[in-house]
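The structure appears right after this line, and notes come after that.
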Amino acid sequence: MTATLITNARLIDPEQGTVTAGAALLRDGVLAELFDTAEPGLTDADRIDARGAFLAPGIVDIGVKVGEPGDRHKESYKTAGLAAAAGGVTTIVTRPDTTPAIDTPEVLEFIRDRAEDDSPVNVLPMAALTKGRAGREMTEIGFLLDAGAVAFTDCDHVVTDTKVLARAMTYARSLGALVIGHPQEPGLSKGGAATSGKFASLRGLPSVSPMAERMGLDRDIALVEMTGVRYHADQITTARALPALERAKKNGFDVTAGTSMHHLTLNEMDLADYRTFFKVKPPLRSEDDRQAVVEAVRSGLIDIIGSFHTPQDEESKRLPFEEAASGAVGLETMLPVLLRLYHSGELDLPTLFRALSLNPARRLGLPCGRMAAGAPADLVLFDADKPFILDRFKLQSKSKNTPFDGARLQGKVLATFVAGKAVYRSA
């Protein structure tokens with residue numbers, strides 16, 4: 001394999017928390033060497049002049065919805081892979097909320113084969129925790145692990161039968177499997193399109209209390225304490241849930257937590273015009289909640305940021321707000337959107353890539369996510385200052401349901417590398 005030397009780059013190291021000027025040599029699919037000089041004297045490599053752009057570990061995005069099987073018209077592995085590559089995402093970890101659900105080794109193997117054939121980036125599938133995501137009977141976790149499942153989740157179908165969930169967690173613990181929960185109390189949160197409070201009342205929107213998230217997390221943490229399972233909370237979006245998460249970590253439980261790009265950069269006031277592209281699950285929160293979650297990412301209390309890429313077709317979104325489908329696409333927009341937090345001084349780049357690359361890779365036991373010699377050459381090269389106006393119709397995804405259509409963003413992916421091969425180069 002031809003070696004590639006990326007010169008004149010600013011190297012982001014989320015492990016060391018540093019940004020340094022230098023160069024990187026990509027050879028045989030790995031980061032062969034890092035240099036502290038911008039122009040190493042190598043002659044046996046193809047050269048790419050980064051011209052001062054940032055080079056960082058590729059994003060590992062946990063919780064991506066792809067429409068295969070069942071909703072291929074919304075998103076395929078080919079279009080999701082192209083969107084990921086254009087967004088600097090080198091590994092997508094897919095959700096099992098498909099039709100049918102990914103709850104058997106046969107369906108999982110179909111997904112793996114399709115992804116391998118069609119996607120230019122790495123695809124790692126999650127499997128359902130219970131059959132059909134119905135919450136009544138756990139799946140064959142051992143067989144699904146053997147077939148390649150990296151985690152187990154019923155996504156937003158919260159398992160209401162605590163005994164079923166406890167049995168599944170106990171079995172997962174015996175196999176070392178990671179269980180991903182969606183912290184919501186399903187009775188309270190049912191039908192909620194906004195977060196309860198004065199704003200939701202003024203807009204006449206059905207709402208859900210932030211306590212629904214806290215109650216769901218408390219229940220899951222109690223079961224983690226009982227079973228000892230490896231557990232990840234997919235989205236923590238409210239200040240009320242943070243003390244429970246902090247206590248669980250201080251008590252030594254094997255618990256991590258994530259949040260979404262949307263809850264870090266938007267708030268409930270964005271629902272003012274009833275634009276359904278802003279309807280996500282959980283609903284957008286107050287500005288106080290947003291700031292608390294940003295601070296939790298900065299401190300490391302929240303470990304992971306994801307796009308929670310959820311493609312929906314026009315028919316699903318062009319409905320009254322409370323009837324419209326939840327979710328937004330995010331693979332291609334996540335990095336430039338999150339760079340808003342960098343430009344505003346809320347998060348620095350090593351902290352951002354700790355949550356986007358290093359921590360998700362560590363949680364899944366992957367060797368990527370690091371800027372170190374010998375690590376996989378899964379990288380993103382980006383200009384953090386390049387301004388542009390987002391046009392949703394230019395997105396690679398089949399579905400165009402982004403709340404950032406027409407937004408002024410600053411930050412553009414220049415190139416994405418998977419195993420040292422450029423899978424995306426900007427025009």
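From a predicted model like this one, the values you see are computed outputs, not experimental measurements. For the numbers below, each heavy atom of this structure counts, side chains included, while hydrogens, waters and symmetry mates do not.
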Practice prompt. Could you grab the distance from atom CG of Asp61 to atom CE of Met261, nearest 0.5 Å is fine?
Written response: 9.0 Å

Discussion item. Check this for me: Lys398, atom NZ, are more than 12 non-hydrogen atoms of other residues, nucleotides or ligands nearer than 6.0 Å?
Written reply: yes

Worksheet item: Which distance, rounded to the nearest 0.5 Å, do you find between the CG of Leu414 and the CZ of Arg425?
Response: 9.0 Å

Discussion item. Distance check, rounded to the nearest 0.5 Å: Ile305 atom CD1 versus Arg354 atom CZ?
Written reply: 9.0 Å

Worksheet item: With a cut-off of under 6.0 Å to the ring centre and 45° to the axis, is Lys412 in cation-pi contact with Phe388?
Response: yes

Practice prompt. Would you indicate whether Glu287, at its atom CD, is surrounded by more than 12 heavy atoms from other residues, nucleotides or ligands within a distance under 6.0 Å?
Written response: yes

Worksheet entry | side chain to side chain contact (heavy atoms under 4.5 Å, CB included) assessment of Met138 paired with Val159 | CA-CA 10 Å; Met138 68 179 177; Val159 179; over 6 Å; no

Item to complete: For Thr238 and Glu213, run side chain to side chain donor-acceptor pair (under 3.5 Å): C-alpha distance rounded to whole Å, both residues' side-chain angles, the deciding distance at 0.1 Å, then the answer.
Response: CA-CA 7 Å; Thr238 66; Glu213 181 173 286; 2.9 Å; yes

Fill in: Glu185 side-chain N/O to Leu188 backbone N/O, donor-acceptor pair under 3.5 Å
yes

Fill in: Option among Asp254, Asp303, Asp234 that satisfies the salt bridge (Lys or Arg N to Asp or Glu O under 4.0 Å) test with Arg363
Asp254

Worksheet entry | Distance (rounded to the nearest 0.5 Å) between Ser344 OG and Gln410 CD | 11.0 Å

Worksheet item: Taking the six-membered ring of Tyr77 as reference, does the NZ or CZ atom of Arg114 fall below 6.0 Å from its centre and within a 45° cone about the axis?
Response: no

Discussion item. For a quick test of reading the model, state the closest non-hydrogen atom pair linking Arg392 to Asp405 and the distance between them.
Written reply: N-OD1, 3.0 Å

Discussion item. What's the separation between atom OG1 in Thr104 and atom CD in Glu106, rounded to the nearest 0.5 Å?
Written reply: 4.5 Å

Item to complete: For side chain to side chain donor-acceptor pair (under 3.5 Å), just list the numbers for Thr237 and Arg285, CA-CA rounded to whole Å, side-chain angles, deciding distance to a tenth of an Å, and then say yes or no.
Response: CA-CA 7 Å; Thr237 62; Arg285 306 301 194 181; 2.9 Å; yes

Discussion item. Looking at Asp383 and Asp385, would you say the former's side chain and the latter's main chain have a donor-acceptor pair under 3.5 Å?
Written reply: yes

Worksheet item: Just how far is it from atom CZ of Phe253 to atom CG of Leu223, taken to the nearest 0.5 Å?
Response: 11.0 Å

Worksheet entry | Whether Asp103 side chain and Gly132 backbone form a donor-acceptor pair below 3.5 Å | yes

Worksheet item: Crowded around Met269 CE? As in, over 12 foreign heavy atoms under 6.0 Å?
Response: no

Item to complete: Please answer whether the main-chain N or O of Ala32 pairs with a side-chain N or O of Arg27 as donor and acceptor at a distance below 3.5 Å.
Response: no

Fill in: Candidates Arg95, Lys65, Glu75 - the one meeting side-chain hydrogen bond (donor to acceptor under 3.5 Å, both in side chains) with Thr310
Arg95

Item to complete: Might you point out which heavy atoms bring Val224 and Val255 nearest each other, and give the distance in Å?
Response: CG1-CG2, 3.9 Å

Practice prompt. Run the ring-centre check on Phe152 versus Tyr231 and record whether the distance is less than 6.0 Å.
Written response: no

